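Working notes for the structure below.
Proteins come first, then strands; the chains are lettered A, B, ... in the order of their sequence lines, and each starts at number 1. The figures that follow rest on heavy atoms only: side chains count, while hydrogens, waters and symmetry mates do not. Everything numeric here is computed off the predicted structure, so don't read it as measured data.
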There are 2 protein chains.
Amino acid sequence: MNTSNDQQDIKREKILEASYQRFLHYGYSKTTMNEIAGDLSMSKALLYYYFPDKSELYMAVMRKLANDYLKQLEDKLGHFTDLREAFLFQVNTHHDFIVSNYNFFDFFRLNEQNLPDTIWETVSQIRGAEIKLLADAIQAEVEKNNIQPVANPIEIVEVFLDALHGIKVGGSLPHKKLNFPHKEHLDEIHNKRLLLIDIFVKGLK
Amino acid sequence: MNTSNDQQDIKREKILEASYQRFLHYGYSKTTMNEIAGDLSMSKALLYYYFPDKSELYMAVMRKLANDYLKQLEDKLGHFTDLREAFLFQVNTHHDFIVSNYNFFDFFRLNEQNLPDTIWETVSQIRGAEIKLLADAIQAEVEKNNIQPVANPIEIVEVFLDALHGIKVGGSLPHKKLNFPHKEHLDEIHNKRLLLIDIFVKGLK
DNA sequence: AATTTGATAGTTTTGTTAAAAAAGTCAGGA
DNA sequence: TCCTGACTTTTTTAACAAAACTATCAAATT
């Protein structure tokens with residue numbers, strides 16, 4: 001209907017795409033608004049016409065990525081044949097999500113406290129979707145009498161997700177830098193998580 | 001035999017005790033050698049007569065604490081009636097260890113990279129003892145045919161310990177500061193870990 | 001000879017300031 | 001309504017001096 005809005009949305013998308021590339025390669029703090037504007041051959045002021053500030057721009061990109069991830073989870077919700085399949089799907093999808101956007105999240109390594117508080121809404125949203133997916137799967141198995149009844153599926157899933165995040169590399173020689181994992185370690189961590197799934201799912205039977 | 005050495009050891013112990021109190025209350029970086037010397041009514045130079053530098057002094061205190069903890073684990077090694085008891089003992093003992101020395105470890109929160117590398121030897125030693133305790137318990141249960149055989153008990157224990165460390169607070173509202181837990185959260189975390197034990201041990205049956 | 005200290009040297013942390021870089025604003029043009 | 005150049009404000013960086021602290025050592029004490 002509103003051509004003007006369509007045009008706006010297209011340009012907004014272009015900005016998001018260019019910003020994503022910059023953030024993915026250089027991270028938040030090493031990306032300047034001038035560079036993004038330069039990539040698009042537009043003035044920096046125009047960026048501020050479409051987005052209130054740098055943080056909100058970053059957040060908008062982040063929300064787009066999150067929505068893709070959320071969609072993957074929602075599409076599968078309730079379509080699992082057993083518990084193990086559900087847990088495997090969650091862990092694999094999450095792994096792919098992190099691997100393909102690894103550098104985009106590099107601000108997590110530093111103490112970048114200057115990011116907007118609204119980022120935690122998105123993080124919560126993602127965690128909520130993950131919890132829902134797995135808690136539903138547990139509930140379904142309980143109703144099918146495949147596993148014994150549990151008092152609080154959500155509590156169990158929260159412990160499981162926390163446990164997943166605890167999996168690190170370097171068993172015998174703990175690393176000094178205990179910040180989030182290096183890219184080359186992601187596969188090793190992924191494999192350990194698969195082992196955790198084996199035991200955990202069996203423990204719910 | 002050597003009275004001189006006995007006297008040295010006594011004084012060394014006194015220094016360790018005074019240092020422990022300071023480190024426990026104020027942490028590594030907020031404790032000065034002058035203050036420790038003042039507490040003992042001795043000159044700062046004398047501290048350097050007994051310990052080569054501040055890092056080594058801190059490490060000596062740390063080793064003393066670690067030895068107490070290791071002793072608790074070793075005393076119980078191989079004296080468990082079932083797997084659950086072993087895992088519970090490990091988690092409870094660890095919890096008590098952290099709670100009673102909480103402020104001593106506060107340098108972990110900051111990026112205190114200026115601590116001696118030898119600290120990681122002690123950390124490794126502790127982790128090694130934890131792994132041994134639990135892996136032995138698993139092995140014993142396997143031999144008693146209480147649980148099914150496992151290919152690699154150590155690998156399983158490592159995943160378990162990592163999972164334990166991943167347990168955090170604030171399921172719905174993730175905290176900005178994702179550093180190590182606040183003192184008031186330790187009990188909540190402890191309870192979640194007990195839940196993890198329930199499921200994990202059952203998964204090994 | 002072993003133990004202890006005051007004085008002092010060397011290093012790290014902290015605070016200050018100026019310059020540079022980047023974020024963010026705005027009056028006005030198309 | 002969309003867009004820009006010029007401008008203001010805020011943040012980062014670098015340089016440097018002052019303060020605090022670590023570490024050393026010759027000399028004194030036991």
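Taking atom CE of B/Met42 as the reference point, atom C1' of C/dT3 lies 11 Å away to the nearest angstrom. Rounding to whole angstrom units, CZ of residue A/Arg12 and C1' of D/dC3 are separated by 15 Å. Rounded to whole angstrom, the span from the CD1 atom of A/Ile15 across to the C1' atom of D/dC2 amounts to 12 Å. Rounded to whole Å, the distance from CD on A/Gln7 to C1' on D/dC3 is 14 Å. Rounded to whole angstrom, the span from the CD1 atom of A/Ile36 across to the C1' atom of C/dA23 amounts to 12 Å. As a whole-Å value, the separation of B/Leu46 CG from C/dA2 P is 15 Å. The separation between A/Ile10 atom CD1 and D/dC2 atom C1' is 15 Å, rounded to whole Å. Rounded to an integer number of Å, the gap from A/Tyr28 OH to D/dT11 P is 12 Å.
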- Could you please spell out the steps behind the side chain to side chain donor-acceptor pair (under 3.5 Å) verdict for A/Glu74 and A/Tyr69? CA-CA 9 Å; A/Glu74 283 159 11; A/Tyr69 178 64; over 6 Å; no

- Would B/Asp162 and B/Arg127 satisfy salt bridge (Lys or Arg N to Asp or Glu O under 4.0 Å), going step by step from the backbone distance to the final call? CA-CA 11 Å; B/Asp162 282 354; B/Arg127 187 174 167 104; 3.4 Å; yes

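Using a 4.0 Å heavy-atom criterion, one finds that B/Phe51 contacts no nucleic acid atom at all.
Direction of the helix axis in the helix from C/dA1-D/dT30 to C/dA30-D/dT1 shifts by 30° between the two five-pair termini, rounded to 10°.
A side-chain donor-acceptor contact under 3.5 Å links A/Lys192 to the backbone of A/Lys168.
Closest to the side chain of A/Tyr49, from the set C/dG6, D/dC3, D/dC2, is D/dC2. Nearest nucleotide to the side chain of B/Thr32, out of C/dT3, D/dC2, D/dC21: D/dC21.
Between A/Gln8 and the phosphate of D/dC2, there is a side-chain N or O to OP1/OP2 separation shorter than 4.0 Å.
B/Glu56 and B/Tyr50 share no side-chain donor-acceptor pair at under 3.5 Å. No side-chain donor from either of A/Tyr58 and A/Thr31 sits under 3.5 Å from a side-chain acceptor of the other. A side-chain N or O of A/Tyr20 and one of A/Asn101 form a donor-acceptor pair less than 3.5 Å apart.
For A/Tyr102 and A/Phe97, the distance between ring centers is not under 6.0 angstrom.
Summary of the strand contacts: B/Glu35 and A/Tyr50 both lie near DNA chain D, and taking for each the nucleotide with the nearest heavy atom, the more 5' one is attributed to A/Tyr50.
For the pair A/Phe160/A/Ile197, a side-chain contact is recorded, criterion being any heavy-atom separation below 4.5 Å from C-beta on.
The aromatic rings of A/Phe89 and A/Phe80 lie tilted to each other, with the angle between the two planes from 30° to 60°.
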- Note on the structure: Counting primed atoms, P, OP1 and OP2 as sugar-phosphate and everything else as base, the B/S/- map of nucleotides 24-30 of chain C against protein heavy atoms under 4.0 Å is BBB----

